[in-house]
Amino acid sequence: MKSAIILGAGMVGVATAVHLQQRGWSVVLLDRKEPGRETSHGNAGIIQREALRPYPMSHDWRELAKIAIGRTNDVRYRIAALPYHLGPLLCYWWHSFPARHADASAAYAQIIGCAVREHEAFIQHADAGNLIRRDGFRMLYRDRPALEAAIAAAEVLRHAYGVKFSVMTSWDLKQAEPALAEGGVGSLHWLEPWTVSDPGALVSAYANLFTRLGGNIVRGDAKSLSRSGNAGWSVITENGRMEAGAAVIALGPWSPDLLKRFGYRFPMVRKRGYHRHYVGGSRLDLPLCDAMNGYVLAPMAKGTRITTGAEFAAPGGKPDLTQLAYAEQAACKLLDLGRPVEPEPGLGTRPCMPDMLPVIGAAPRHRGLWLHFGHGHQGFTLGPTTGRLIAELMNNESPTIDPFPYRPWRY
């Protein structure tokens with residue numbers, strides 16, 4: 001029987017484990033925490049159908065100047081942390097030029113287009129339908145040019161990919177969301193994404209499906225990964241040493257650090273984000289992104305969740321709640337947030353590759369070592385899709401998606 005150790009029990013790792021287990025592999029899923037307790041549980045809880053183009057870096061000097069002087073809440077940075085990010089960010093900026101971004105978007109659309117379908121199969125088998133709504137989410141705009149630009153971009157996606165959306169006036173939004181104090185100048189309602197009331201619980205449901213299929217979840221340290229004989233891999237777990245024929249690195253933002261031990265250098269743009277829940281106030285019906293102020297309000301099982309934009313901090317740097325405080329201030333003008341649930345906000349790190357595409361495939365110089373990370377903002381959305389792709393590659397099947405754009409050796 002073929003065997004594998006999956007390092008990392010976020011959405012990406014869990015989905016990989018399920019796909020391999022369904023193909024008859026013997027699989028161990030290893031993490032230092034319970035499944036879905038890192039970045040996978042702290043997101044806006046949206047399985048996105050409309051995000052067919054990855055986020056490019058602006059080349060507009062006015063937008064860059066706003067970031068530089070701290071006049072936008074989408075992106076924040078600390079000057080002392082810039083040396084850690086400068087190289088990958090410059091590469092990201094280079095890949096954001098229109099022609100290169102178009103190539104990345106063509107590949108990205110392949111995997112985003114499968115996301116809802118792949119989640120649907122998991123949701124049915126995991127009996128997790130109670131966590132899902134299929135009514136989309138909304139984007140609030142506060143000035144007319146921004147709304148018109150968003151509508152124009154949405155029309156391009158509708159023409160190219162058949163994406164469905166509706167344009168709402170300020171009055172329409174207030175009717176749909178009576179708790180809002182105001183509706184800006186209007187909004188876009190993306191109709192096809194699915195929303196999740198508890199992202200961590202969905203990852204846990206998929207992990208339970210994995211164990212029902214015969215998989216084994218263990219606690220351990222991914223840093224213990226080592227060669228075992230000529231063609232295998234081993235890790236040290238709470239139950240002792242475990243061995244398998246293959247190992248999959250699905251550690252999100254921690255993947256490049258582990259791979260340095262094996263001689264691989266993967267540049268990564270690490271974007272930190274914060275989240276917090278609030279109870280006792282008003283509730284929204286659907287998630288709402290406040291485009292101008294760079295945050296999302298999402299109704300969740302634990303309360304209304306705020307998730308923030310991107311922060312560039314030093315590795316292991318102390319939390320900086322500036323973005324969250326700004327988002328709270330803006331959100332309180334929209335609706336009654338109530339009181340915070342957690343004494344301290346949660347944070348997670350989004351693992352973004354400089355060319356905006358995940359790394360999926362075999363390690364170039366190590367037999368049996370497979371790489372599956374770098375999903376940026378969309379690991380929660382893409383896990384089941386790219387999990388299928390890497391399982392097909394590992395199982396010598398004809399892949400349903402062309403794997404070439406995501407090949408590890410491009411770095």
Side-chain angles (χ1 to χ4, degrees), residues 1-31 34-36 40 111 114 117-119 121-126 128 203-220 222 224-252 255 258-259 262 358-364 366-373 375 379 382-401 403 406-408:
M1 179 184 289
K2 295 179 180 179
S3 60
I5 300 166
I6 313 295
L7 304 179
M11 177 62 84
V12 171
V14 169
T16 303
V18 171
H19 277 298
L20 286 173
Q21 196 71 38
Q22 288 175 333
R23 285 162 171 76
W25 286 55
S26 173
V27 183
V28 171
L29 180 62
L30 178 141
D31 206 313
E34 293 296 319
S40 289
I111 47 180
C114 301
R117 181 189 71 213
E118 293 295 338
H119 272 281
F122 274 32
I123 289 164
Q124 289 184 1
H125 291 133
V203 179
S204 294
Y206 293 173
N208 290 337
L209 170 62
F210 166 66
T211 57
R212 290 205 305 273
L213 291 168
N216 186 15
I217 299 175
V218 299
R219 297 282 186 94
S224 67
L225 180 69
S226 63
R227 291 279 197 117
S228 177
N230 294 325
W233 296 89
S234 71
V235 289
I236 304 299
T237 77
E238 60 186 359
N239 301 320
R241 181 179 294 274
M242 290 189 170
E243 298 183 349
V248 182
I249 310 297
L251 293 166
S255 300
L258 177 61
L259 286 165
F262 300 98
V359 174
I360 307 168
H366 291 77
R367 182 181 176 187
L369 184 63
W370 296 82
L371 312 183
H372 190 199
F373 59 85
H375 294 69
L382 290 173
T385 299
T386 59
R388 171 185 285 275
L389 176 56
I390 198 166
E392 290 169 341
L393 295 172
M394 293 173 70
N395 208 41
N396 296 314
E397 301 173 26
S398 296
T400 53
I401 296 168
Y406 323 104
R407 64 200 184 283

Of all heavy-atom pairs between Tyr206 and Ala126, which one has the smallest distance, and what is that distance?
CD2-CB, 4.1 Å
Quick one: closest heavy-atom pair of Ser3 and Gly245, and the distance?
OG-N, 2.9 Å
List the steps and the verdict of side-chain contact (heavy atoms from CB on, under 4.5 Å) for Ser226 and Arg241.
CA-CA 11 Å; Ser226 63; Arg241 181 179 294 274; 4.0 Å; yes
Check: Arg212 side chain, His125 main-chain N or O, donor-acceptor pair, under 3.5 Å
yes
Let me see the working for Trp233 and Glu243 under side-chain contact (heavy atoms from CB on, under 4.5 Å), right down to the final yes or no.
CA-CA 6 Å; Trp233 296 89; Glu243 298 183 349; over 6 Å; no
Over all atoms of both residues, closest heavy-atom pair of Ala17 and Leu29
CB-CD1, 4.3 Å
Atom CG of Leu371 and atom CD1 of Ile390: how far apart are they, to the nearest 0.5 Å?
7.0 Å
Might you point out which heavy atoms bring Ala244 and Ile5 nearest each other, and give the distance in Å?
CB-CG1, 3.5 Å
Go through the steps to decide whether Glu397 and Arg23 satisfy the test side-chain contact (heavy atoms from CB on, under 4.5 Å), and finish with yes or no.
CA-CA 11 Å; Glu397 301 173 26; Arg23 285 162 171 76; 2.7 Å; yes
Name the residue from Leu213, Ile6, Thr16, Thr211 that meets the side chain to side chain contact (heavy atoms under 4.5 Å, CB included) definition with Gln21.
Leu213
Looking at side-chain heavy atoms only, is the closest gap between Leu259 and Phe373 below 4.5 Å?
yes
Going from CE on Met1 to CH2 on Trp25, what distance comes out if it is rounded to the nearest 0.5 angstrom?
11.5 Å
Atom pair CG/CD1 of Asp31 and Ile217 - distance to nearest 0.5 Å
9.5 Å
Does Ser224 use its side chain to pair, donor to acceptor, with the backbone of Val235 at less than 3.5 Å?
no
Can you check side-chain contact (heavy atoms from CB on, under 4.5 Å) on His19 and Glu392, steps first, answer last?
CA-CA 9 Å; His19 277 298; Glu392 290 169 341; over 6 Å; no
Side chains of Pro358 and Ile111, heavy atoms from C-beta outward: is any pair under 4.5 Å?
yes
Spell out, as yes or no, whether a donor-acceptor pair under 3.5 Å connects the side chain of His119 to the backbone of Pro384.
no
If you round to the nearest 0.5 Å, how far is OG of Ser234 from CG of Leu225?
7.0 Å
Any side-chain heavy atom of Lys2 sitting closer than 4.5 Å to one from Asn396?
yes
Does the Arg407 side chain pair with the main chain of Pro403, one donor and one acceptor, at a distance under 3.5 Å?
no
To the nearest 0.5 Å, tell me how far Leu7 CG sits from Leu30 CG.
6.0 Å
Counting the benzene-type ring for Trp, do His372 and Tyr406 have ring centres under 6.0 Å apart?
no
Take atom NE2 in His366; do more than 12 heavy atoms of anything else shown fall under 6.0 Å from it?
yes
To the nearest 0.5 Å, what is the distance between CG (Asn395) and CD (Gln22)?
11.5 Å
For residues Gly13 and Ala250, report the shortest heavy-atom separation together with the two atoms involved.
CA-CB, 3.8 Å
Nearest atoms (heavy-atom pairs only) where Ile401 meets Cys114:
CD1-SG, 3.9 Å
Pairwise side-chain contact, Phe210 with Asn216, heavy-atom cut-off 4.5 Å (strictly under):
no
